[in-house]
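What follows is a set of notes on a single structure, which appears directly below.
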Amino acid sequence: MTGKLYLVPTPIGNLEDITLRALRVLKEVDLILAEDTRTSAPMLKHFEISQKVYAHHQHNERQATAEIIKFLKEGKNIALISDAGTPAISDPGFFLVREVVKQELAVECLPGATAFVPALVNSGFPTDRFVFEGFLPVKKGRQTRYKFLAEEERTIIFYESPHRILKTLEEMSIYFGAERQVSVSRELTKMFEETVRGTATEVKTYFETHTVKGEFVICVAGKPETENKKQEKYKE
């Protein structure tokens, strides 16, 4: 019998958001892979999870994957967690999952916490169709990405760090237009959670005089449909 790779979401802030199933799996697997063992240690200790924990991050995942596949073939069950949220969503995990699938080994992803879902639902923007972009390129390709997304009619979701949030909001007002609506959520599920809505310029002005701390999720309203497109839809 071969083992199974479990992708286990962990809380993005509030420890009460972990699921009973996630706790059971983490206590039953043979070992846990964590993006940063130092970050995961307090959470695992809080829930009295004593399994062996190994580091699995973007700098070692390619080298470590062969060893992990070997363990799975030996019948070991392994859980992968990130620092917070669902593994492989703007976090390490994709490469490992792809290679495990190639080997026709079992992979199971548990449902659970991920930052962009509450930010999207809370934004007030359409949720029936949306695009998740994660983090924008820091330098190369950033401008090209903005120009491409400026024509997107679906709600667009980005992740951003506190030290780039003001710059990003300024750029969005330039490339997406002064009147494009955005919704910015920070510190989701934590004590100081907040969501600020308005144009990119208005939200930037707010954060220039308020706390800029924690991870940010930016939701951008899609480009409004032209009148011609609306008429074409009506004819259909």
Side-chain angles (χ1 to χ4, degrees), residues 1-119 132 134-135 157 159 161-162 185-193 213-217:
M1 291 288 289
T2 56
K4 180 184 287 189
L5 174 65
Y6 292 91
L7 308 177
V8 182
T10 52
I12 59 175
N14 193 321
L15 290 178
E16 293 180 359
D17 291 336
I18 199 163
T19 68
L20 295 174
R21 184 177 168 203
L23 291 175
R24 177 182 60 77
V25 169
L26 290 174
K27 290 178 180 180
E28 290 180 354
V29 293
D30 296 292
L31 61 97
I32 297 171
L33 305 173
E35 183 179 1
D36 188 330
T37 55
R38 296 166 299 179
T39 302
S40 300
M43 185 270 294
L44 295 173
K45 183 179 179 181
H46 176 82
F47 291 115
E48 300 179 346
I49 296 168
S50 57
Q51 265 62 6
K52 290 182 179 179
V53 183
Y54 298 91
H56 185 81
H57 45 72
Q58 62 178 342
H59 303 296
N60 77 345
E61 69 172 337
R62 289 180 179 268
Q63 298 91 327
T65 293
E67 189 72 10
I68 294 165
I69 289 174
K70 177 173 172 283
F71 286 151
L72 290 169
K73 288 182 175 179
E74 290 173 352
K76 290 184 171 61
N77 291 317
I78 301 172
L80 173 66
I81 62 175
S82 64
D83 287 348
T86 300
I89 302 296
S90 291
D91 277 323
F94 159 69
F95 180 79
L96 174 60
V97 172
R98 185 182 67 183
E99 296 307 304
V100 171
V101 169
K102 281 182 182 178
Q103 294 292 321
E104 298 184 350
L105 296 167
V107 179
E108 186 172 332
C109 183
L110 279 61
T114 191
F116 77 79
V117 174
F132 175 69
F135 289 96
I157 308 165
Y159 284 165
S161 62
S185 297
R186 73 174 190 93
E187 295 285 79
L188 285 165
T189 79
K190 300 177 183 176
M191 184 180 294
F192 298 106
E193 172 183 336
K213 182 181 178 182
E215 293 301 317
F216 287 77
V217 184

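All heavy atoms count here, side chains included; hydrogens, waters and symmetry mates do not.
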Would a 4.5 Å heavy-atom cut-off, applied to side chains only, mark [X] and [Y] as touching?
| X | Y | answer |
| --- | --- | --- |
| Phe71 | Asp30 | no |
| Ile68 | Leu80 | no |
| Val25 | Glu108 | no |
| Val8 | Ile32 | no |
| Pro11 | Thr189 | no |

Over all atoms of both residues, closest heavy-atom pair of [X] and [Y]:
| X | Y | result |
| --- | --- | --- |
| Leu110 | Pro9 | O-CG, 3.1 Å |
| Ser82 | Glu35 | CB-OE1, 3.6 Å |
| Glu61 | Gly93 | OE1-N, 3.5 Å |
| Ala84 | Ile12 | CB-CA, 3.8 Å |
| Asn60 | Ala55 | ND2-O, 3.1 Å |
| Phe95 | Arg62 | CE1-NH1, 3.1 Å |

Rounded distance (nearest 0.5 Å) linking atom [atom1] of [X] with atom [atom2] of [Y]:
| X | Y | atom1 | atom2 | value |
| --- | --- | --- | --- | --- |
| Gln51 | Ile78 | CD | CD1 | 12.5 Å |
| Leu72 | Leu105 | CG | CG | 5.5 Å |
| His46 | Ile18 | NE2 | CD1 | 9.0 Å |
| Thr2 | Glu104 | OG1 | CD | 10.5 Å |
| Ile89 | Cys109 | CD1 | SG | 8.0 Å |
| Lys213 | Arg186 | NZ | CZ | 8.0 Å |

Q | Salt-bridge present (Lys102, Glu99; N to O < 4.0 Å) | A |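 Looking at Lys102 and Glu99, the cut-off is met.
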| said: Go through it in stages, so that I can follow the logic: the residues are Val100 and Thr65, the test is side-chain contact (heavy atoms from CB on, under 4.5 Å), and I'd like the CA-CA distance, side-chain angles, deciding distance and then a yes or no. | reply: CA-CA 8 Å; Val100 171; Thr65 293; 5.6 Å; no
Identified side chain to side chain contact (heavy atoms under 4.5 Å, CB included) partner of Ile81 from the options Asp91, Leu26, Thr39, Leu33 |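 When Asp91, Leu26, Thr39, Leu33 are each tested with Ile81, the side chain to side chain contact (heavy atoms under 4.5 Å, CB included) holds only for Leu26.
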For [Y], does its backbone N or O pair with a side-chain atom of [X] as donor and acceptor, under 3.5 Å?
| X | Y | value |
| --- | --- | --- |
| Asp83 | Asp36 | yes |
| Thr86 | Ala113 | yes |
| Asn77 | Gly3 | no |

Counting only heavy atoms not in Gln63, do more than 12 fall under 6.0 Å of its CD?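 Counting other residues, nucleotides and ligands, CD of Gln63 exceeds 12 neighbours.
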| Hey, what's the ring geometry for Phe132 with Tyr159, parallel, tilted or perpendicular (30° and 60° as the breaks)? |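 Perpendicular, since the angle between the ring planes exceeds 60°.
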